[in-house]
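Inspection log for the structure reproduced underneath, given as structure tokens.
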Amino acid sequence: MLSVHQRCAFAGAATVTLALLAAGLPAVATAADSPDLSRFYSQKITWSACKGDGMPKDLQCGKVTVPLDYAHPGAGTLDVALARYRATGKSRGSVLLNFGGPGVAGISQLALSGKDFMSLTNGYDVVTFDPRGVGQSSPVSCGEGADEASAAIDTTADSSDPQAALKVVKKAAELCAKHSGPVLPHIGTVNASRDMDVMRQALGDKKLNYLGFSYGTRLGAVYASQFPKKTGRLVFDGVDTLTEPLSEQGLVSAEAQQTALEDFLTWCTKDMGCPFGQDPRSARQQVVQLVHSLDQDPVPADLGQQFSGQDLVGAMSQAMYSKEYWPTLEQALKQLVQDGDTRGLTQLSGGIAFPGASAAARRDGGLVDEQDIPIDNLPAALMAINCADDPDRPTADQVTKDIDKLRASYEEASPVFGQFRLTQVLLCYGRPKGTDYIRDKVRDVHTPKMLLVGTRGDPATPYRWTMETAKRLGSSAVVLDNKGEGHTGYTSSKCVHQKVDDFLLYGSLPHSGSSCGTESDH
């Protein structure tokens, strides 16, 4: 799942050495057992103008160096790319942004949508970063492996030998490891959270102030669990689940996106130009038929590629995150249906948004130039981080036994998005088992109050996840009920925007149970 949902691998207190105390490190292990991280916590960031086409002139870039493996900090390092807009007045420090994904590169996103966050520069330097494995920070890639694996999974349910198909998936996982370099075994939210604490110290902040969207809420929750005494004002918008396995997350996403698609088609059929006519029920049937037809007989796309039904589903999936995309989706679908032109849908799915060629990650841990980020980094990082955060690994025998039931449940959840979501779940097959830290340990955090924003009509992170995560985090969590539509609320609701700013800038929290109405209510 992509986003500003688009969509990381996710010890008892005792006496700590003077070097660690001086660095402001959390007390997580005994002095004898704790590796010396002081050199990472003593660094300062050198800022300069960001390089690259289209970069805003007032956006500054820098980096921090972090251990490849926190348990063995002498085994290698990674550079993590950062960018910031300076505070317009006197700065009280920084607020760190994560735009979600997992796999969304923060720097390019902030460069694109910086105007949405300028109000925060009234008191903060607004900072973001490309997490390890993402964007310029040792980007992971699968080469052609992901496409091969997806094709294998698409036929697994109908195959007379599904285990043979899963062998292809396992081989694809090996290709991802080959193309991704040394970062892949150390990717995920648990390590990315530790990277954020290094950033906090390098930025000169005693406590982390943070605004995370979608997956970024998972990252923020892990930080609150790992570093409760270093937690400042935290905001989670579009709250992710901390407990549900990928198989359940996929079902929820399929159901939510099916509902959003039906809302889109109801809107579309009110327009005489809708390519599916003026009957919503007929339009839904036509979309299902179009997906099946393209899966059986893909049409030519740019660069000699083929455009399948699952490519269409991927493009529509992106457009479900916000009503702002609906007119663009309607036009792109019209181009496909009437002219066989896939360019609008390719652009909508982000097919032209990833610069560079399929370059492997740098082996020395240094930053990658923008033009050298692998074209598949976003989906490769999303898959790698979600798998690193998930401890469930069914065997080939279990997949073979359950595949028909799984397929049926996903198809029931959504005849359009079901197969697409099931494919993403099964892509973890053949990868190492992920961490159980998030599911088992992130609960009852002892931090200052944090603000959780849940949107009732969110197609990616359902409102019930906000309530479940708030209950899990404990008394520190305060929920803001956004009664609007779309994925996340900060950039779409003036009410949410104001309440988040009031909290981050002035510490003013809404009362528990407060709500924001739809924009049409204002």
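Contact record, Ile107 with Asp130: N-OD1, 3.0 Å, taken as the closest heavy-atom pair. Shortest non-hydrogen contact noted between Tyr429 and Ala173 is O-CB, 4.3 Å. The minimum heavy-atom distance between Val478 and Ser512, with the atom names listed, is CG1-CA, 4.1 Å. Annotation for Ser225 and Tyr437: closest pair OG-OH, 2.8 Å, computed over non-hydrogen atoms. Annotation for Arg393 and Ala388: closest pair NH2-N, 4.4 Å, computed over non-hydrogen atoms. Heavy-atom minimum distance, Asp376 versus Gly143: OD2-N, 3.7 Å.
Residues Arg421 and Gln249 bring no donor and acceptor atom of their side chains to less than 3.5 Å of each other.
Annotation: Lys334, atom NZ; neighbour count of heavy atoms from other residues, nucleotides and ligands within 6.0 Å is above 12. For CD of Glu412, the number of neighbouring non-hydrogen atoms (other residues, nucleotides, ligands) closer than 6.0 Å is 12 at most. The number of heavy atoms from other shown groups lying within 6.0 Å of CD (Gln306) is above 12. Surrounding CG of Asp53 are at most 12 heavy atoms belonging to other residues, nucleotides or ligands under 6.0 Å away.
To the nearest 0.5 Å, the span separating CG on Asp295 from NE2 on His292 amounts to 7.0 Å. For the atom pair CG (Leu246) and SG (Cys428), the distance works out to 5.0 Å, reported to the nearest 0.5 Å. Note that OG of Ser214 is 3.0 Å distant from NE2 of His487, once rounded to the nearest 0.5 Å. Here CG of Leu504 is found 12.0 Å from OH of Tyr210. Values are rounded to the nearest 0.5 Å. Note: Leu211 CG to Leu97 CG = 5.5 Å, rounded to the nearest 0.5 Å. Taken from CG in Leu452 to OG1 in Thr466, the straight-line distance is 6.5 Å, to the nearest 0.5 Å.
Judged purely by atom type and a 3.5 angstrom limit, Ser493 has no side-chain atom pairing as donor or acceptor with the backbone of Gly489. Using a distance-only test at 3.5 Å, with no hydrogens or angles considered, no donor-acceptor pair links the side chain of Gln136 to the main chain of Ala81. Formation of a donor-acceptor pair under 3.5 Å by the Gln257 side chain with backbone atoms of Ser317 is found in this model. A distance-only check finds no donor-acceptor pair linking the side chain of Ser137 to the backbone of Gly133 [under 3.5 Å]. Judged by distance alone, the side chain of Thr241 and the main-chain N or O of Glu244 form a donor-acceptor pair under 3.5 Å. Panel note: side chain Thr217, backbone Asp240; a donor-acceptor pair is recorded below 3.5 Å. A distance-only check finds a donor-acceptor pair linking the side chain of Ser409 to the backbone of Leu406 [under 3.5 Å]. With Asp402 contributing its side chain and Lys405 its backbone, the two residues share no donor-acceptor pair below 3.5 Å. Proximity of a side-chain donor or acceptor of Ser180 to a complementary backbone N or O of Ser141 within less than 3.5 Å is detected.
Not a single ring-ring contact (aromatic ring centres under 6.0 Å, His included) links Phe236 to another residue, sequence neighbours left out. Residues passing the side chain to side chain contact (heavy atoms under 4.5 Å, CB included) test with Ala319, sequence neighbours excluded: Tyr325, Leu329, Leu348. A search for side chain to side chain contact (heavy atoms under 4.5 Å, CB included) contacts involving Asp279 returns Arg281, Ser282, not counting sequence neighbours. A search for side chain to side chain contact (heavy atoms under 4.5 Å, CB included) contacts involving Asp436 returns Pro391, Asp440, not counting sequence neighbours. Among residues two or more places apart in sequence or in another chain, the salt bridge (Lys or Arg N to Asp or Glu O under 4.0 Å) test is passed with Asp444 by none. Taking the side-chain hydrogen bond (donor to acceptor under 3.5 Å, both in side chains) definition, one finds that Tyr490 meets it with His497, Asp501, sequence neighbours left out. Not counting sequence neighbours, the partners of Ser514 by the side chain to side chain contact (heavy atoms under 4.5 Å, CB included) test are Leu480, Pro510, His511. In this view, Arg439 and Asp390, Asp392 satisfy the salt bridge (Lys or Arg N to Asp or Glu O under 4.0 Å) rule, not counting sequence neighbours. Under the rule for a salt bridge (Lys or Arg N to Asp or Glu O under 4.0 Å), the partners of Asp195 that lie at least two apart in sequence or sit in another chain are Arg132.
Residue pairs meeting the salt bridge (Lys or Arg N to Asp or Glu O under 4.0 Å) criterion with at least one partner in residues 465-474, sequence neighbours excluded, are Arg464-Glu468. Contacts classified as ring pair (Phe, Tyr, Trp, His ring centres under 6.0 Å) and involving residues 375-412 (residues at least two apart or in different chains) are not found.
Residues Leu96 and Met196 have side chains in contact (heavy-atom distance under 4.5 Å, counting atoms from C-beta outward).
Ring centroids of Phe99 and Phe129 are separated by 6.0 Å or more, keeping the two rings apart.
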Can you give each donor-acceptor pair under 3.5 Å made by side-chain atoms of residues 262-274, sequence neighbours left out, with the distance rounded to 0.1 Å?
unit_1	atom_1	unit_2	atom_2	d
Glu262	OE2	Gln258	NE2	3.2
Thr266	OG1	Glu262	O	3.0
Thr269	OG1	Leu265	O	2.9
Thr269	OG1	Thr266	O	3.2
Asp271	OD1	Gly273	N	3.0

